[in-house]
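Reviewing the structure listed below.
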There are 2 protein chains.
Amino acid sequence: MASKQQSEKEFLKNYNIHDYEVPLTSVDLVIFTVREERLHVLLVKRADHPFMGQWSLPGGFIDVHKDKNLEATALRKLKEKTGVKAPYLEQLQGFGSKTRDPRGWSSTFVYFALIPSDLVELSQGSAVDAVQWFPIAQDQPLPHLAFDHTEILEVALQRLYNKVEYSSLAAHLLPAEFTLSELQQMYQLILGRPLDKSAFRKRIKEGDFLEELNGQFRYGSNRPAQLYRLKQGLGLVYYARSLSSD
Amino acid sequence: MASKQQSEKEFLKNYNIHDYEVPLTSVDLVIFTVREERLHVLLVKRADHPFMGQWSLPGGFIDVHKDKNLEATALRKLKEKTGVKAPYLEQLQGFGSKTRDPRGWSSTFVYFALIPSDLVELSQGSAVDAVQWFPIAQDQPLPHLAFDHTEILEVALQRLYNKVEYSSLAAHLLPAEFTLSELQQMYQLILGRPLDKSAFRKRIKEGDFLEELNGQFRYGSNRPAQLYRLKQGLGLVYYARSLSSD
DNA sequence: CGAATAGTGTCTTTAAGACATTATATT
DNA sequence: AATATAATGTCTTAAAGACACTATTCG
């Protein structure tokens with residue numbers, strides 16, 4: 001153990017993390033997409049112990065050589081599993097306890113990602129038998145998940161539902177170009193309730209995070225709909241007031 | 001390395017975390033209080049390398065034997081430094097990178113605590129020379145902090161300012177019993193702007209997180225003020241609308 | 001033209017801001 | 001009574017909800 005007398009340089013030369021009992025630390029991801037009018041979450045079947053053969057959230061250990069920070073680990077894992085490079089990504093929360101992993105004290109930094117389904121190419125990673133989208137729906141319960149991943153997924157869903165109420169978050173589940181009606185449908189799908197068209201559009205205009213694609217429309221057997229895309233480099237826009245108050 | 005053929009039990013018997021290069025993992029705390037009409041943050045002077053002698057946020061390593069989960073580590077550290085057992089405590093965010101600690105890849109789970117100043121008894125911990133409250137103010141810059149703690153503190157302050165706008169958070173900085181005027185002053189102090197008394201009170205009543213202490217008043221050379229306390233077991237109350245929109 | 005969805009306008013409702021007024025203690 | 005702060009009431013404002021109405025394309 002280091003003495004107080006030595007210099008910082010000397011101290012670092014003698015420092016060895018393996019002199020201490022440390023927790024396992026990993027990064028896990030809750031990746032959502034919407035396909036076929038339904039919210040889905042990405043799960044992987046574990047190829048190794050512990051919980052071999054069970055479904056779990058994608059994730060893994062920090063590579064102390066490759067990853068420069070936590071977000072880099074999350075992006076690396078995301079790309080391995082989905083091929084998506086630039087998703088909406090934010091940190092959800094850390095989870096850590098003595099009991100969540102049979103190997104011992106374990107902690108994980110969980111990230112929360114939204115990706116438009118048109119960008120996804122699922123790939124089989126080296127340590128997984130399978131990668132699969134599972135719909136989030138009452139009538140279709142998810143399989144039992146490894147570790148505390150059922151609880152983590154629940155926290156992620158709450159974050160999603162809440163944040164959609166007062167921010168532009170839902171737009172990140174759509175392809176790059178979309179109409180206001182498509183955006184409203186996305187909000188409705190996630191919130192599980194219809195929204196008033198007029199109020200919705202006033203809010204979006206107020207938020208000022210979309211740009212009109214001049215002269216570009218979505219055509220159908222009706223009046224064509226103006227196409228929009230997200231203004232670049234804006235991040236999320238938050239509203240002063242939540243979508244509904246009761 | 002474990003083979004896929006063995007049982008989970010066998011696998012765990014042979015598993016050794018020290019076979020891998022793992023990041024350092026710690027828990028740090030941003031502890032706020034308000035004393036003498038000013039927001040303060042608790043800092044400790046580091047007694048050991050690295051950054052010996054520099055001020056830093058209180059924190060330390062997870063004790064894999066004592067701590068049952070991350071929050072337990074945070075509460076243990078908080079109690080060691082302040083004597084406070086049941087503060088307002090929430091997880092702020094994880095921070096982790098190759099460069100934040102000279103010992104190597106390092107990650108930390110940062111917790112955010114609010115404590116009423118009347119409960120605090122500062123104590124000198126074993127690994128610190130000093131524990132001290134520092135005022136948060138433009139005209140009084142904080143010392144240069146160890147690691148990335150300046151950045152972490154900035155994130156915590158933003159969380160504080162934001163959350164006070166739309167929740168009952170500020171009430172957790174007051175002693176157990178307080179008047180509505182005292183509560184309003186606390187909000188004003190943190191937000192740095194005056195609030196309208198009538199609007200403020202309507203909001204608090206709407207939130208319904210206070211209970212009147214029947215017949216108990218704060219006396220002065222004026223009309224006595226009704227005393228209130230937080231309703232127990234409620235957690236934070238969030239408003240549908242932020243305090244001000246411009 | 002009819003069907004269908006896009007897009008806008010008007011009135012109401014809700015919660016907050018501005019600000020005046022009343023209430024009740026001490027000195 | 002004067003003073004000080006507590007507590008409440010009224011009017012206005014901002015943004016959302018309800019809902020009707022107009023616009024524009026295709027078949």
Side-chain angles (χ1 to χ4, degrees), chain A residues 37 164-168 170 174 177-189 191-229 237-246, chain B residues 37 164-168 170 174 177-189 191-229 237-246:
Chain A
E37 318 264 284
V164 165
E165 292 277 359
Y166 61 86
S167 80
S168 59
L174 288 170
E177 306 186 352
F178 51 85
T179 68
L180 292 182
S181 293
E182 286 162 2
L183 183 59
Q184 186 178 343
Q185 280 162 35
M186 182 58 76
Y187 272 85
Q188 293 177 160
L189 188 147
L191 295 175
R193 67 172 194 271
L195 298 174
D196 180 81
K197 183 161 61 165
S198 173
F200 180 78
R201 285 170 182 231
K202 270 185 252 172
R203 208 178 149 95
I204 298 298
K205 291 226 167 99
E206 171 85 14
D208 193 34
F209 59 87
L210 296 185
E211 58 187 352
E212 220 171 270
L213 293 166
N214 284 325
Q216 292 189 254
F217 297 90
R218 174 97 64 228
Y219 295 94
S221 54
N222 49 38
R223 175 172 174 177
Q226 177 65 54
L227 281 171
Y228 293 83
R229 69 169 172 216
V237 171
Y238 296 93
Y239 295 101
R241 209 166 139 179
S242 253
L243 262 171
S244 107
S245 21
D246 48 19
Chain B
E37 317 264 284
V164 165
E165 292 278 358
Y166 61 84
S167 80
S168 59
L174 287 170
E177 306 187 351
F178 50 85
T179 68
L180 292 182
S181 293
E182 287 161 1
L183 183 58
Q184 186 178 344
Q185 279 162 35
M186 182 58 75
Y187 272 87
Q188 293 177 159
L189 188 148
L191 295 176
R193 67 171 193 270
L195 298 174
D196 179 82
K197 182 160 64 164
S198 173
F200 180 79
R201 286 172 182 230
K202 271 185 250 171
R203 207 177 149 92
I204 298 298
K205 292 229 165 98
E206 171 84 15
D208 193 33
F209 59 89
L210 296 185
E211 56 187 354
E212 220 171 270
L213 293 166
N214 284 324
Q216 291 189 253
F217 298 90
R218 174 96 63 230
Y219 296 93
S221 55
N222 49 37
R223 176 171 173 177
Q226 177 64 53
L227 281 170
Y228 292 85
R229 69 171 173 214
V237 170
Y238 296 92
Y239 296 101
R241 210 166 139 177
S242 252
L243 262 172
S244 106
S245 23
D246 48 19

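Letters A, B, ... are given to chains in the order of the sequence lines, protein chains preceding strands, and every chain is numbered from 1.
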For [X] and [N], give me the distance from atom [atom1] to atom [atom2], rounded to whole Å.
X: A/E165; N: D/dG17; atom1: CD; atom2: C1'; result: 14 Å
X: B/L195; N: D/dA6; atom1: CG; atom2: C1'; result: 17 Å
X: B/K202; N: D/dC11; atom1: NZ; atom2: P; result: 12 Å
X: B/Y239; N: C/dT14; atom1: OH; atom2: P; result: 19 Å
X: A/Q184; N: D/dA16; atom1: CD; atom2: P; result: 14 Å
X: B/I204; N: C/dA15; atom1: CD1; atom2: P; result: 15 Å
X: A/L227; N: D/dT25; atom1: CG; atom2: C1'; result: 15 Å
X: B/R203; N: D/dT8; atom1: CZ; atom2: P; result: 18 Å

Nucleotide-level pairing of DNA chain D, given in dot-bracket where Watson-Crick and G-U pairs need both distances under 3.5 Å and | marks other strands: |||||||||||||||||||||||||||
Looking only at the side chain of [X] (C-beta and beyond, no hydrogens), which of the listed nucleotides [options] gets closest?
X: B/R201; options: C/dT5, D/dA7, D/dT10; answer: D/dA7
X: A/K205; options: D/dA6, D/dA18, C/dT8; answer: C/dT8
X: A/D196; options: D/dT8, C/dC19, D/dC19; answer: D/dC19

Is the shortest side-chain heavy-atom distance between [X] and [Y] below 4.5 Å?
X: B/R229; Y: B/L227; result: no
X: B/V237; Y: B/D208; result: no
X: B/R193; Y: B/L195; result: yes
X: B/F209; Y: B/I204; result: yes

A/S181 and its side chain to side chain contact (heavy atoms under 4.5 Å, CB included) partner, picked from A/R218, A/Q226, A/M186, A/R201: A/R201
Proximity to DNA chain D (any heavy atom under 4.0 Å), residues of residues 211-222 of chain B only: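 Under 4.0 Å from DNA chain D: B/N222.
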5'-most by nearest nucleotide on DNA chain C - A/A199 or A/P224: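 Comparing both residues, the 5'-ward one is A/P224.
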Short side-chain N/O contact from B/S181 to OP1 or OP2 of D/dA6, under 4.0 Å: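 Yes, within the criterion.
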Can you tell me how far apart [atom1] ([X]) and [atom2] ([Y]) are? Round to the nearest 0.5 Å.
X: A/L180; Y: A/K205; atom1: CG; atom2: NZ; result: 6.5 Å
X: B/Q188; Y: B/E37; atom1: CD; atom2: CD; result: 11.0 Å
X: B/E165; Y: B/L191; atom1: CD; atom2: CG; result: 4.5 Å
X: A/D196; Y: A/K202; atom1: CG; atom2: NZ; result: 7.5 Å

Side-chain-base donor-acceptor pair under 3.5 Å for B/R223 and C/dA25: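 When only heavy-atom distances are counted, B/R223 does not reach the base of C/dA25 through any donor-acceptor pair under 3.5 Å.
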Distance-only donor-acceptor test (3.5 Å): side chain B/K197, base D/dA7: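 Yes, the side chain and the base share a sub-3.5 Å donor-acceptor pair.
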Residue of the set B/Y166, B/F178, B/F200 for which ring pair (Phe, Tyr, Trp, His ring centres under 6.0 Å) holds with B/Y187: B/F200
Sugar-phosphate only, base, or nothing, as touched by A/S198 at under 4.0 Å among non-hydrogen atoms: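 It contacts base atoms.
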